[in-house]
Amino acid sequence: MSTLLFSIKRVMKELGVETFRISATLFKVMIPVLILVKVLEEAGGIRYIGYLLEPLMSFVGLPESMGLVWATTLLTNIYAGMVIFFNLAAGESLTVAQVTVLGGMMLIAHTLPIEARIAQKAGVRISATLAIRFFGALLYGFILFHLYRWADWLQQPVELIWTPPVQDNSLQGWLVAQLESFFLIVVLIFVLLSLLKILKALHIERLMIWLLRPVLKLIGIGPAATTITIVGMTLGLALGGGLLIREAKAGELSPMDIFASMGLLALCHSIIEDTLLVLLLGADISGVLWFRILFALVMMMLITRVVELLSEGFRSRYLMHTD
């Protein structure tokens, strides 16, 4: 009995230390960027970026006003973009197809300042992450727009059936919201680390790797990064990226493993929570989930094939680093 208690205490201590290390790494990245984005938001910078994005909206079949929705999402988060969307959508005649296109783009490219820094800490250049996510979102929106128009799918008017609750936009309200999100991150990291230990102990992790190896191998993701990639795809880039940072520092993953995994997460992550949020806009699940997963897998298969042909010097200078 005493041996069992000692083992439990040792495991809990290890989990606590590991949770603290990963959380501290993420917070060092997130806090300065959050402050910078808040300053930019208060100065009206997001609205200006929205004006710059307006001409691109016609490229994906959306009205210009949706540029502000995407700009807000790019710099802050999906929920903030949703609030702007519901403020503007009443004045537009949007179809389900258009909202699905917008939702797909929001899911691929959002919270870029924070998530690009997390990818950088894991080993991927910020420029590479921004290019994959921004231009990937535009390409995805373009493909969806023409697919739905060609097939005459989802052309009925969208029904706005949900309105987000009023947010506290004061500085105090913002601080409280950030502290709540930090606490949630710590809890989720502890739970994830515990789950990973259980999966390893029961050898379920090996089964997951064996089942997904054929698909992830096409993308260039090795067995060592498989489980973490699954975590990121289902629960979010910040959590998956935090675990990738840990493994990268431990030398468990190759630079190509990290690039391929973070690239896939850049295009498709948090497929549970974020997808449910965007469905509240009136988007169709075909574009915000199934086509998005397919798009991410095909795109990363092509990108990694190209990257493998590039010189080591080009990769280390523009795509990935080992510091």
Side-chain angles (χ1 to χ4, degrees), residues 36-116 129-164 166-167 169 266-267 274-275 277-288 291-292 295 299:
L36 182 62
V37 170
K38 183 62 177 176
V39 171
L40 182 65
E41 183 181 0
E42 293 297 319
I46 292 179
R47 183 167 291 276
Y48 178 73
I49 294 172
Y51 293 146
L52 294 178
L53 292 177
E54 283 182 357
L56 292 176
M57 294 299 97
S58 61
F59 179 72
V60 294
L62 294 174
E64 289 186 348
S65 63
M66 294 299 105
L68 180 58
V69 176
W70 196 32
T72 304
T73 306
L74 286 173
L75 293 178
T76 56
N77 52 58
I78 289 176
Y79 192 86
M82 291 173 66
V83 172
I84 302 298
F85 171 82
F86 281 103
N87 286 332
L88 296 175
E92 302 285 355
S93 299
L94 297 171
T95 65
V96 175
Q98 286 178 307
V99 174
T100 304
V101 167
L102 177 64
M105 293 172 62
M106 292 168 67
L107 287 166
I108 291 175
H110 60 264
T111 324
L112 293 190
I114 291 175
E115 294 186 349
T129 299
L130 293 179
I132 289 173
R133 296 191 69 173
F134 183 81
F135 292 109
L138 278 178
L139 177 60
Y140 186 61
F142 178 79
I143 292 172
L144 268 192
F145 163 54
H146 284 283
L147 174 64
Y148 288 144
R149 187 173 68 169
W150 171 76
D152 197 30
W153 290 347
L154 309 178
Q155 299 303 311
Q156 68 272 25
V158 70
E159 294 183 17
L160 303 179
I161 58 175
W162 180 80
T163 303
V166 177
Q167 288 184 301
N169 293 320
L267 296 172
D274 288 357
T275 300
L277 280 177
V278 171
L279 286 174
L280 292 174
L281 299 178
D284 187 77
I285 196 168
S286 63
V288 297
F291 289 157
R292 180 165 60 108
F295 174 80
M299 281 297 297

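Not measured: the values here are computed from a predicted model.
Taking CE from M66 and CG from L88, the interatomic distance works out to 5.0 Å, rounded to the nearest 0.5 Å. Atom CG of L280 and atom CE of M82 lie 5.0 Å apart (nearest 0.5 Å). Taking CG of L102 as the reference point, atom CG of L94 lies at 8.0 Å (rounded to 0.5 Å). One finds the OG1 atom of T76 at 10.0 Å from the NE2 atom of H110 (value rounded to the nearest 0.5 Å). Going from atom CD1 of I78 over to atom CG of L107 covers 4.5 Å, rounded to the nearest 0.5 Å.
Applying the side chain to side chain donor-acceptor pair (under 3.5 Å) test to every pair with at least one member in residues 81-93, sequence neighbours left out, gives these pairs: S65-E92. Listed by first and then second residue, the salt bridge (charged side-chain N to carboxylate O under 4.0 Å, His left out) pairs that reach into residues 130-158 are E115-R133, sequence neighbours excluded.
By the side chain to side chain donor-acceptor pair (under 3.5 Å) test, E64 pairs with no residue at all, sequence neighbours left out. Listed by chain and number, the residues in a side chain to side chain contact (heavy atoms under 4.5 Å, CB included) with Y51 are R47, E54 (sequence neighbours excluded). Residues passing the side chain to side chain contact (heavy atoms under 4.5 Å, CB included) test with I143 are L139, F295, sequence neighbours excluded. Under the side chain to side chain contact (heavy atoms under 4.5 Å, CB included) criterion, A137 pairs with W70, M105, I108, A109, sequence neighbours left out. Partners of N77 by side chain to side chain contact (heavy atoms under 4.5 Å, CB included), not counting sequence neighbours, listed by chain and number: Y79, A80, T111. Evaluation of the side chain to side chain donor-acceptor pair (under 3.5 Å) rule for S286 yields Y148, D284 as partners, not counting sequence neighbours.
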Anything under 3.5 Å between a donor and an acceptor, one on a side chain of residues 56-63, the other on a protein residue two or more places apart or in another chain? List them.
{"from": "S58", "atom 1": "OG", "to": "P55", "atom 2": "O", "distance (Å)": "3.1"}

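Considering every non-hydrogen atom in both M106 and V69, the closest pair reads SD-CG1, 4.2 Å. The heavy-atom pair separating F145 from V101 by the smallest distance is N-CG2, 3.7 Å.
By the 4.5 Å heavy-atom criterion applied to side chains, T72 and F85 are not counted as neighbours.
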- Item | Worked verdict on T95 versus L154 for side chain to side chain contact (heavy atoms under 4.5 Å, CB included) | CA-CA 7 Å; T95 65; L154 309 178; over 6 Å; no
